[in-house]
Structures are given as C-alpha cells and as structure tokens.
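Numbering starts at 1 and runs along the sequence shown. As the structure is a prediction and not an experimental result, all values here were calculated from the model. Values below: all heavy atoms of this structure, side chains included; hydrogens, waters and symmetry mates excluded.
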Amino acid sequence: MNIIVVGCGRVGVQLAALFSRDKNSVVIVDNEPQAFSSLDRYFEGRSITGLGFDEDVLIAAGVEECDVLLAVTSDDNTNLMIAEVARTLFGVPRVFARLYNPSRENSYIQLGLDFVCDTTLVAEEMYSMVMAQHSGYVDKFGDFEVLRFVLKLEDTEKQSILVGDLEREHEARVIAFERKDGSLSSIPSKDSVLYPGDIVLVCIHENLLERFSSYMAS
C-alpha cells in the first residue's frame with residue numbers, strides 16, 4: 001500500500017515504523033524537520049517537511065496515488081483539515097484522523113470520518129483492566145477474555161508444555177505465542193511447544209480464569 005502519515009510525533013513514528021516493516025511504501029510529513037530524527041533507523045520510506053494540509057506538500061508526498069492517509073498531529077483542528085483535504089480534494093480511499101478531545105467525537109462521526117480518540121481509548125482500556133481484576137487482560141468477547149501474559153509452569157520441574165495439552169486441560173484456545181528472546185512468534189498448532197518465559201496470547205472463558213491464572217507469571 002501507499003501510505004502517508006502526517007505528524008512525526010510518537011504516534012506517527014510508530015505508525016511509520018510498523019507500515020515500513022510490512023514493506024509498504026510510506027511517506028511521513030511534518031512541518032518541523034528535526035522531528036524526523038526520531039524515526040526508526042530501519043524506516044525505509046520518505047520524509048517531507050511541510051504543512052500536512054498544504055496541497056503542494058501532499059502532492060509531493062504522493063497523495064494522488066495514496067491508499068491510506070493518517071493525520072496524527074498533536075492538534076485536532078489540524079488533523080481535521082488534513083483529513084478533509086485528503087478526502088474531498090484528492091479522493092484518498094481511506095483517511096484516519098487522531099482525536100484528542102472526546103467531546104468532538106459526534107462532530108467527526110457526522111462528518112463520516114474514521115478516527116481514533118486517544119483519551120477515550122486509554123480511559124476504556126484502564127477501566128477494563130481494573131474491572132477484570134487480574135493481569136494480562138487484553139479484551140473481552142461475551143463471556144470470554146483474551147489474555148496476554150508470560151508463561152510459567154505449575155510444575156517447576158517441567159521444562160515445557162504442548163499447546164494441545166494446555167488447551168485440553170483448561171478449555172482454552174492459544175491464539176499466538178512468542179519466544180521470550182523474540183526469536184520466534186507463531187500461530188500455534190496442537191503440537192507447538194511452549195516454554196517458561198514465552199509470551200502467550202490465550203482466549204478463555206471467564207469462569208475458568210482463577211484456575212488458569214497459575215500459568216500467568218506475575
């Protein structure tokens with residue numbers, strides 16, 4: 001995909017790195033040239049200095065061939081202007097705007113804008129973590145919870161456990177795992193082997209959490 005990220009702050013830097021690592025064509029725009037010094041050293045895209053709502057700047061960034069534009073500056077009004085220019089003037093198929101002030105969410109919805117509100121996301125995430133009353137919480141779907149945790153084994157002499165055994169014994173589903181040294185991340189099969197210290201993503205019924213928590217390193 002051809003992607004333009006407007007705003008080279010912390011969010012913009014992370015987005016540029018993620019999309020670049022996935023081999024997308026990425027251009028990042030910021031009106032402060034020194035902001036680009038924060039880019040990941042493996043970032044393979046282009047950086048352009050200028051105002052993100054300036055038509056000439058966007059054209060230089062390749063907006064006419066752009067598949068996705070993300071407006072993630074630190075100012076709501078600027079992000080709104082960038083998003084509207086990209087949508088209405090250049091017909092970018094997918095445009096996303098960052099939003100700080102939750103009171104403006106209805107306005108963005110009425111405009112038909114796709115947006116992410118930092119404040120709302122953080123508040124909802126922290127609320128969910130508190131209400132879950134346990135560590136490792138990621139999300140909830142009906143009566144099931146998704147957990148991300150570091151694996152420990154109840155039997156300290158046990159060096160590993162098969163995914164199939166863990167799932168069968170606890171009626172859980174292992175979604176993915178990553179080795180503690182980051183050497184491997186994978187969608188598992190029943191025969192995949194898990195070791196203490198691995199980072200594991202699991203879906204499990206909320207009623208089974210208490211017994212399963214013995215596998216979660218605190």
Over all atoms of both residues, closest heavy-atom pair of Phe36 and Asp30: CZ-N, 3.6 Å

Answer yes or no: are there more than 12 heavy-atom neighbours, outside Arg87 itself, under 6.0 Å from its atom CZ? yes

Look at the side chain of Asn24 and the backbone N and O of Val26, then say whether any donor-acceptor pair between them is shorter than 3.5 Å. no

Side chains of Arg21 and Asp40: closer than 4.5 Å at any heavy-atom pair? yes

Same apolar cluster (I L V M F W Y, side chains within < 4.5 Å links), Leu201/Leu162: no

Just checking Gln34: does its CD atom have more than 12 heavy atoms from other residues, nucleotides or ligands closer to it than 6.0 angstrom? yes

Does Asp198 reach the main-chain N or O of Val200 with its side chain, forming a donor-acceptor pair under 3.5 Å? no

Separation between CD of Glu171 and CG of Asn207, rounded to the nearest 0.5 Å: 10.0 Å

pair Glu145-Val202: side-chain heavy atoms closer than 4.5 Å: no

Tell me if a side-chain donor or acceptor on Glu167 pairs with a main-chain N or O of Val174 at a distance below 3.5 Å. yes

Please determine whether side-chain contact (heavy atoms from CB on, under 4.5 Å) holds for the pair Leu69 and Ile3, giving the CA-CA distance in whole Å, both sets of side-chain angles, and the decisive distance to 0.1 Å. CA-CA 6 Å; Leu69 182 142; Ile3 297 171; over 6 Å; no

May I ask you to decide if Ala172's main-chain N or O and His170's side chain share a donor-acceptor pair within less than 3.5 Å? no

Closest non-hydrogen atoms of Ala35 and Cys8, given as atom of the first, atom of the second and distance, are O-SG, 3.5 Å

Can a donor-acceptor pair be found, under 3.5 Å and without considering hydrogens, that links the side chain of Asn2 to the backbone of Cys66? no

Grab the two heavy atoms, one from Ala86 and one from Val95, that are nearest each other, plus how far apart they are. CB-CG2, 4.0 Å

side-chain hydrogen bond (donor to acceptor under 3.5 Å, both in side chains) evaluation trace for Asn101 with Ser103: CA-CA 5 Å; Asn101 187 349; Ser103 67; 2.7 Å; yes

Looking at Arg98 and Asp76, does any basic side-chain N land under 4.0 Å from a carboxylate oxygen? no

Might you confirm whether atom CZ of Arg94 has over 12 heavy atoms from other residues, nucleotides or ligands at distances under 6.0 Å? no

Is there a side-chain contact (heavy atoms from CB on, under 4.5 Å) between Phe43 and Ile28 once you walk through the steps? CA-CA 10 Å; Phe43 174 68; Ile28 189 162; 4.1 Å; yes

What's the shortest heavy-atom distance between Leu153 and Gln159, and which atoms? CD1-C, 4.0 Å

Are any of the side-chain heavy atoms of Cys117 and Tyr100 separated by less than 4.5 Å? no

When you compare the side chain of Tyr108 with that of Leu99, does any pair of heavy atoms fall below 4.5 Å? yes

Would a 4.5 Å heavy-atom cut-off, applied to side chains only, mark Glu64 and Phe90 as touching? yes

Can you give me the closest heavy-atom contact between Gly45 and Ser20, atom names plus distance? N-OG, 4.2 Å

Thr73: which of Asn79, Asn31, Thr78 passes side chain to side chain donor-acceptor pair (under 3.5 Å): Asn79

Do you know which two heavy atoms are closest between Val27 and Ala61, and how far apart they sit? CG2-O, 3.5 Å

So Ile175 and Ile187, side-chain contact (heavy atoms from CB on, under 4.5 Å) or not? Walk me through it. CA-CA 6 Å; Ile175 303 167; Ile187 296 175; over 6 Å; no

Rounded at 0.5 Å granularity, tell me how far OG in Ser160 sits from CG in Leu194. 8.5 Å

Please round to the nearest 0.5 Å and tell me the distance separating atom CZ of Phe96 and atom CG of Asp114. 5.0 Å

Quick check for you: to the nearest 0.5 Å, what is the distance between Ser38 atom OG and Gln14 atom CD? 10.5 Å

Ile204 side, atom CD1; Leu166 side, atom CG - distance, nearest 0.5 Å: 8.0 Å

Go through the steps for Phe212 and Phe149 under the test side-chain contact (heavy atoms from CB on, under 4.5 Å), then give the verdict. CA-CA 11 Å; Phe212 187 79; Phe149 58 91; 3.6 Å; yes

Starting at CD1 of Ile4, measure out to OG of Ser25 and round the result to the nearest 0.5 Å. 9.0 Å

Hey, are the side chains of Leu80 and Leu111 touching, using non-hydrogen atoms and a 4.5 Å cut-off? yes

Above 12 or not: heavy atoms from other molecules or residues under 6.0 Å from CD of Glu169? yes

